[in-house]
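Contents: one structure, followed by commentary.
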Amino acid sequence: MIEVRPFNSLGGGKHGWLDAKHHFSFADYRDPSRVHWGALRVWNDDAIAPHTGFAPHPHNDMEIITYVRSGAITHRDSLGNEGRTEAGDVQVMSAGTGIVHSEKNEEDVETTLFQIWIIPDKQGEKPSWGARPFPKGDRTGRFVTLASGIEGDEDALPIRANARVLGATLNAGESVDQPIGRDRKAYLVPTRGRIEVNGVPVNPRDGVAIADLDTITITASDEAEIVLVDVA
């Protein structure tokens, strides 16, 4: 099953400093057919104006992955962590028993990012935060695991869920096969570029919900950058 969710069908709105699109029900956006996809609960497509951002606010029992598409985001939290994550890189916050954090665009340009929430396998764990760079050259023509809670993915940022977040860049005309498994679900979004998933056309920033497939073949019509979440 491959279901394309066009970008113009997503929820969200403009809030002055924030232009947000929601792939799943979030904040004031409610759609009973788009509440979660397996353990994937939130996929927000945010554009944050320069020198603005999310003031300190709490979370608990959620794995929150931020993929920066352009610009940079600066994180600070109640554990004393602080870090700046640039375009193409990833940060992970395991909210656990509770954490308060802020996410600010301290740059002179707009920052765009995906924020992805995954329901953890266990509740009540100790909160944590981490970030690391992932050179885009390493992702050319293949998927690289960026964050994962699956055994064997030790090079990725750890999350506390039976899930992984992957990224790839494809040149125009290039294809990549990605195993999924009929017992799992996947959701992908091209950050840029038109692609086809098993021959189904997908435009930039459309969402693609995938289930009951052993493997998918992604072909880039243009130079493309893709983020994919694989969940139970």
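For clarity, every value in this text was computed on a predicted model and none was experimentally measured. Here, residue 1 is the first one in the sequence, and each next residue gets the next number.
In this structure, the side chains of Thr97 and Pro127 come closer than 4.5 Å at one or more pairs of heavy atoms. Side-chain contact check for Met93 versus Ile99: some heavy-atom pair is nearer than 4.5 Å. Inter-residue side-chain proximity for Glu103 and Leu113 is flagged as unmet; no heavy-atom pair is nearer than 4.5 Å. Contact annotation: the side chain of Asp108 never approaches that of Pro50 to less than 4.5 Å [non-hydrogen atoms, C-beta and beyond]. In this structure, Leu166 and Leu228 have side chains that are in contact, with non-hydrogen atoms separated by less than 4.5 Å. The shortest distance between side-chain heavy atoms of Tyr29 and Leu10 does not fall below 4.5 Å.
Under the 4.5 Å side-chain contact rule for hydrophobic residues, Val227 and Val4 do not share a cluster. The same ILVMFWY cluster, assembled from side-chain heavy atoms under 4.5 Å apart, contains both Val189 and Val144. Hydrophobic cluster membership is shared by Ile180 and Leu170, with clusters built from Ile, Leu, Val, Met, Phe, Trp and Tyr side chains linked at under 4.5 angstrom. A single hydrophobic cluster is not seen to contain both Val100 and Trp129; linkage of ILVMFWY side chains at heavy-atom distances under 4.5 Å, directly or through other members, places them apart. Linking Ile, Leu, Val, Met, Phe, Trp and Tyr residues whenever their side-chain heavy atoms come within less than 4.5 Å places Met1 and Val229 in a single cluster.
Trp37 contributes a side-chain N or O that, together with a main-chain N or O of Ala186, makes up a donor-acceptor pair within less than 3.5 Å. Using a distance-only test at 3.5 Å, with no hydrogens or angles considered, no donor-acceptor pair links the side chain of Arg76 to the main chain of Lys104. Asn44 places no side-chain N or O within donor-acceptor distance of the main-chain N or O of Asp46, the cut-off being under 3.5 Å. Of the possible donor and acceptor atoms, one in the side chain of Asp61 sits under 3.5 Å from a partner among the backbone N and O of Gly124. Checked by atom type and distance alone, the side chain of Asp206 pairs as donor or acceptor with a backbone atom of Phe7 at under 3.5 Å. Using modelled atom types, no side-chain atom of His57 and backbone atom of Ser102 make a donor-acceptor pair closer than 3.5 Å. The backbone N or O of Glu223 lies less than 3.5 Å from no partner atom in the side chain of Asn171, so there is not a single donor-acceptor pair. Side-chain N or O atoms of Asp121 include one that pairs as donor or acceptor with a backbone N or O of Asn162 at under 3.5 Å. For Ser25 (side chain) and Arg34 (main-chain N/O), a donor-acceptor pair under 3.5 Å exists by modelled atom type. In this structure a side-chain-to-backbone donor-acceptor pair under 3.5 Å is missing from Arg139 to Glu225.
Here the CD1-CD1 distance, from Ile159 to Ile150, works out to 7.5 Å after rounding to the nearest 0.5 Å. Atom CG of residue Asp222 and atom CZ of residue Arg194 lie 4.0 Å apart, to the nearest 0.5 angstrom. The CD1 atom of Ile48 sits 4.0 Å away from the CD1 atom of Ile73 when rounded to the nearest 0.5 Å. Rounding to the nearest 0.5 Å gives a distance of 12.0 Å between OG of Ser70 and CD of Glu86. To the nearest 0.5 Å, atoms OH (Tyr67) and CG (Asp89) are separated by 8.5 Å. Atom CD of Glu107 and atom CZ of Arg84 lie 4.0 Å apart (nearest 0.5 Å).
The two atoms that bring Ile65 and Ala147 nearest to each other are CG1-CB, 4.4 Å, heavy atoms only. The two atoms that bring Val231 and Ala163 nearest to each other are CG1-CB, 3.7 Å, heavy atoms only. When all heavy atoms of Arg41 and Val35 are compared, the closest pair comes out as NH1-O, 2.9 Å. When all heavy atoms are compared, the tightest approach of Leu188 to Pro190 is CD1-CD, 4.2 Å. The two residues Ala161 and Ile118 make their nearest non-hydrogen contact at CB-CG2, 3.7 Å. When all heavy atoms are compared, the tightest approach of Thr85 to Val90 is CG2-N, 3.7 Å.
Under a 4.0 Å N-O distance rule, the pair Arg160/Glu63 does not qualify as a salt bridge.
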| said: Set out, in order, the CA-CA distance, both residues' side-chain angles and the distance that settles side chain to side chain contact (heavy atoms under 4.5 Å, CB included) for Met62 and Val42, then state yes or no. | reply: CA-CA 10 Å; Met62 192 64 69; Val42 168; over 6 Å; no

| said: Please determine whether side chain to side chain contact (heavy atoms under 4.5 Å, CB included) holds for the pair Leu157 and Phe134, giving the CA-CA distance in whole Å, both sets of side-chain angles, and the decisive distance to 0.1 Å. | reply: CA-CA 10 Å; Leu157 284 163; Phe134 289 91; 4.2 Å; yes

| task | Apply side chain to side chain contact (heavy atoms under 4.5 Å, CB included) to Val92 and Val165, showing your working. | result | CA-CA 11 Å; Val92 168; Val165 180; over 6 Å; no

| task | Evaluate side chain to side chain contact (heavy atoms under 4.5 Å, CB included) for Val176 paired with Phe143, printing each intermediate quantity in order. | result | CA-CA 8 Å; Val176 61; Phe143 276 103; 3.9 Å; yes

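Checked against a 6.0 Å centroid threshold, the rings of Phe114 and Trp43 count as neighbours. Two rings, from Trp117 and His59, have their centers less than 6.0 Å apart.
For Asp214, the CG atom is densely surrounded, since the number of other residues' heavy atoms within 6.0 Å is greater than 12.
Among the candidates Thr111, Thr52, Thr112, the single residue satisfying the side-chain hydrogen bond (donor to acceptor under 3.5 Å, both in side chains) test with Asn105 is Thr111. None of Thr219, Leu213, Thr215 except one satisfies the side-chain contact (heavy atoms from CB on, under 4.5 Å) rule with Asn198; the exception is Leu213. Under the side-chain hydrogen bond (donor to acceptor under 3.5 Å, both in side chains) rule, Asp45 has a single partner from Arg205, Gln115, His22, which is Arg205.
Between His101 and His75, the angle of the ring planes lies from 30° to 60°, which puts this pair in the tilted group.
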